Amino acid sequence: MAWMCMRDSAWKYLQSAHLGGDRNYSHYTSRDFYSQFGLEDFLCTDDIPGTDEDTDSAVLFGTLRGNVVGLRYYTGVVNNNEMVSLQREPNNLYDKNAVKVNNVNGNQVGHIKKELAAPLAYIMDNKLAIVEGIVPYGAKNAFTMPVQMSFWGKEENKQAVLDELKMHGFKLAPPSKSSEFGFGSSWVSGRAGPSYSAPGHGAVQMTTEQLKSEFDRLFEDLKEDDKTHEMEGAEAVGTPLLPHQKQALAWMVSRENSKELPLFWEEKNNFYCNTLTNFAEKERPENVLGGILADDMGLGKTLVTIALILTNFHDGKPLPVEKVKSDQLHKESVVTGVKNEGHELLKGTSCNVEPNISSVKKKSETVQSQYSSFRPKRAKAEKPKYTVSSDSEESEEWLPQQTRTKCEKDLPATRKRSKNTASVQSVKKNDSEEGPRTTLIICPLSVLSNWIDQFEQHIRPDVHLNIYVYYGPDRSKDPSFLSKQDIVLTTYNILASDYGSRGDSLLHRLKWLRVVLDEGHTIRNPNAQQTKAALNLEAQRRWILTGTPIQNSLKDLWSLLSFLKLKPFTDREWWRRTIQRPVMLGEQGGLRRLQSLIKNITLRRTKTSKIKGKPVLELPERKVFIQHVTLTEEERKIYQSVKNEGKAAISRYFNEGTVLAHYADVLGVLLRLRQLCCHPHLCTNTSSSSCQIGDSTPEELREKLVNKMKLVLSSGSDEECAICLDSLNLPVITHCAHVFCKPCICEVIQSEQPNAKCPLCRNELRVEHLVECPPEESDSSIEKKGDREWISSSKINALMHALIDLRKQNPAVKCLIVSQFTTFLSLIEIPLKESGFVFTRLNGSMAQKKRVQAIQSFQDRQTGSPTIMLLSLKAGGVGLNLTAASRVFLMDPAWNPAAEDQCFDRCHRLGQKQDVIITKFIVKDSVEENMLKIQKKKRELAAGAFAAKKLTVSEVKQTKINEIKTLIDL
DNA sequence: ACCGCCGGGTGCC
DNA sequence: ACCGCCGGGTGCC
């Protein structure tokens, strides 16, 4: 699935692929070419219209020599063979057709001569082609210089471009091998020169074998060489690091302290020259003091980051651990100049200890942890169907138990430690002179509490950092307060909304020592507000943490590189010209550059990576057992009747060829069958919505569509948006009953207007016909079901049997009971209570504070703590840590085996000491057995060559149809 | 000479 | 710009 990174898939495929020798692929498009490798998804982008400026499908129309004039009016300089950027300047006073020429740094060099500017303006304004320039020679000219232009665009626009140029008396040189770009001609071969070669060669000339070896090399030493060095964490790190974590720390510290020139730059006679664009400048380019830590989840990215903060705390030195004598109590030396800052910290009962202590002018590093008040709003972006609760839950309750305890405990102690050793004071002194000291950490809301937990766990208790959670309506508005923190923790949503709403976003006014983006792929969409906000942060050191390194396209990588401020990639044009397009055209140099780039800035280890022959993580075993359950006769009867009815309906759809048009209904049938496998009471929504859509009132129609959408969303089928092929974000349903992300479908409509068609069924589409998912109503429906008299079911019996057995063997063992149906979990609660089990529960919809409580009580090892957690399959993000459990009972199979695996990983992860035994209850002769078949297929697919392959719309359709057939025995 | 030619002034868009 | 272009000065050999 998604997090199968390209490295694995590419590599695996190439290992096993039977590749022909020197076939000539000249008749292939690059997409065809790469699809041979199952890599088109990495190399090319989806062909959904309007998703980008369509730079990827561009072909080279031809080249043209022109002139840059007006050089003497501008300061931008170029070198021979340097790339230049051509930009329209429609507001130019003298010529509305003006096209200016900038160097790689964005400094203007001159203008395109007006005769040529006229057709260029037309071509560029109408987006008929992208025009790129290189100055072949004459770079030092005083007045004008030549520029070699390449015209790239969609095939269908080629003629229009040629015509327009012809009208003005220009003619493109055809994109033949050596003449295009002027490369290969004498002026370029003379110098050591740029490492790019003529585009357009690659896909034609590179043999399969060559390409294979390129790919082999692309990733083979990702984990080698300089990344094997280990470094101990600073004293302040309270947790011993594992070898691979020491490696990561060493690598990160070395990157932060690096004095080397950044990648693709070299020093040449007192100039610093970029080898990709040939741009040179006197000023030394700033190094990228950071990178991408792309370890698999569970390898300890958070811990390593904390270790980095403490170990490379200041000026390449660690945060010293003070040695303080407890008798040096000088309260007043700390609590001086107190004033209320207006933002409340530690608001509430247990931590309501001098909220204004935060504003104290500290004399040392020694300050207690501080947490802002925290209102448990839910992550809106992730779960659009929830509204933000407007009730005023006492915010401090959100804080994890441990944190509060610690605050209480530590406050007095903090004062004691206010007197410091000389070393600490000297650090402090330097601090004030040497700029920023604060690390800003940005993460999704769902892992915010995890960060706080990890700080608690991994920072030595006698070390005190200022940690401020910048979140909630009461968050500080005081820049100097923030800049005094050691760590500021916030979320992408806060970052984006601050940035969007006011021009003076606090986070953007400060210069940070270090910015860390957790789950950094969150910024892969360059147009998203949070991406823009993140890219605009000012920081000396920049890190991206992600478990999904380069998810599926080169384009995704751009925002990440842009964030890292690796020149010249901060500008998309240079990224596109030097890496993205060369790679997509199969140019050797492009692949090699991508390789060195990734190698240079990322560290990635998987769970199966090894250090000195030993696995990075030695997790206990994980065993999965399938326990078959036989339905009682009565249950079977109900099941069979629903199945027959549903099968008949679905067969009818097949005969009519309308399966996908009735997809929601089909899912409904399957859902009911899956529910019946669990418990007869689950299957209450028998309302078949198969009545005609045409003859209902708009209100009825709306309601029907909403119901269908809810069915799709709640069916657990893990529906993906057919446009972005990612999980649904802001789901909307069309009148033809297909569910997409709202932004995705709106973009399609926009780009196809006025006659937009549904990507799935080609029915007419209109923005005003899209129906959004209304906020979810309360759980009252579940409560209602509770009123019904409780009965057991075969599956519940099987479960209870197993649980009681287990308790006899070992009463302390902890279990997760997982289901996709929260109602089912509610039904299971009853026999659990009856049999005297202490249990807790975690749903996706639970308020944050409740979640934290549930997790903490379950993780607690004391006797009397819950031994069972009822868990809804998708509750919690990847950060959820339930290692107290060593047994998992999966009550119903998921459509997507990856969802199951992810769920198992919540206890089978770092920190698990026992073997994990998983029991999957599967009803014999039922849809559940068929689901296992589908799971098996998906697993094979994921393990195979086409792991990362994105399916086309028609493939998605066919897959769905096949799945339906398998599931309902057709 | 309603031309050619000369040489100075001048110069992006 | 060691160019082109402009427009004024000039005008047989």
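So you know, we letter chains A, B, ... as the sequences are listed, proteins then strands, and number each from 1. Note that the structure is predicted; figures quoted are calculated from it, not measured.
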>> Suppose you measure atom C1' in C/dA1 against the same atom in C/dC6; what distance do you get, rounded to whole Å?
In response: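 That atom pair is separated by 15 Å.
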Could you state the [atom1]-[atom2] distance from [X] to [N], rounded to the nearest angstrom?
X        : N      : atom1 : atom2 : value
A/Glu115 : C/dC5  : CD    : P     : 10 Å
A/Arg88  : B/dC13 : CZ    : C1'   : 11 Å
A/Leu86  : B/dC12 : CG    : C1'   : 14 Å
A/Lys140 : C/dC2  : NZ    : C1'   : 20 Å
A/Lys100 : B/dC12 : NZ    : C1'   : 14 Å
A/Asn67  : C/dC3  : CG    : P     : 16 Å
A/Asn97  : B/dC13 : CG    : P     : 12 Å

Does a side-chain N or O of [X] approach OP1 or OP2 of [N] to a distance below 4.0 Å, or not?
X        : N      : result
A/Lys114 : B/dC13 : yes
A/Tyr94  : B/dC12 : no
A/Arg72  : B/dG11 : no

>> Tell me whether A/Lys282 forms a cation-pi arrangement with A/Tyr272, defined as NZ or CZ under 6.0 Å from the six-membered ring centre and within 45 degrees of its axis.
In response: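 Ring-cation test returns no.
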> Is A/Asn92 side chain donor-acceptor paired with the B/dC13 base, going by distance under 3.5 Å alone?
Replying inline: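 Yes, the side chain and the base share a sub-3.5 Å donor-acceptor pair.
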> Can a donor-acceptor pair under 3.5 Å be found between the side-chain atoms of A/Tyr73 and the base atoms of B/dC13?
Replying inline: no
> Is a donor on one side and an acceptor on the other found under 3.5 Å between the side chain of A/Asn525 and the backbone of A/Asn527?
Replying inline: yes
> Does C/dC2 pair with anything, Watson-Crick or G-U wobble, both distances under 3.5 Å, and if so, with which nucleotide?
Replying inline: none
> Under 4.0 angstrom, heavy atoms only, what part of the nucleic acid is A/Leu71 near: base, sugar-phosphate, or nothing?
Replying inline: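 Here A/Leu71 touches no strand at all.
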>> What contact category does A/Lys113 fall into here, base, sugar-phosphate, or nothing, at under 4.0 angstrom with non-hydrogen atoms?
In response: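 Sugar-phosphate, backbone atoms only, no base.
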> Got a sec, which residues hit ring-ring contact (aromatic ring centres under 6.0 Å, His included) with A/Trp543, two or more places apart in sequence or on another chain?
Replying inline: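 A/Trp543 satisfies ring-ring contact (aromatic ring centres under 6.0 Å, His included) with A/Trp251 only.
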>> Checking side-chain contact (heavy atoms from CB on, under 4.5 Å) between A/Tyr122 and each of A/Leu128, A/Val161, A/Leu165, which is the one that passes?
In response: A/Leu128
>> Under 5.5 Å centre to centre and under 30° between planes: does that hold for A/Phe143 and the six-membered base ring of B/dG11?
In response: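 Given the distance and angle limits, no, they do not stack.
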> Are A/Arg577 and A/Glu132 ion-paired here, with the side-chain N under 4.0 Å from a carboxylate O?
Replying inline: yes
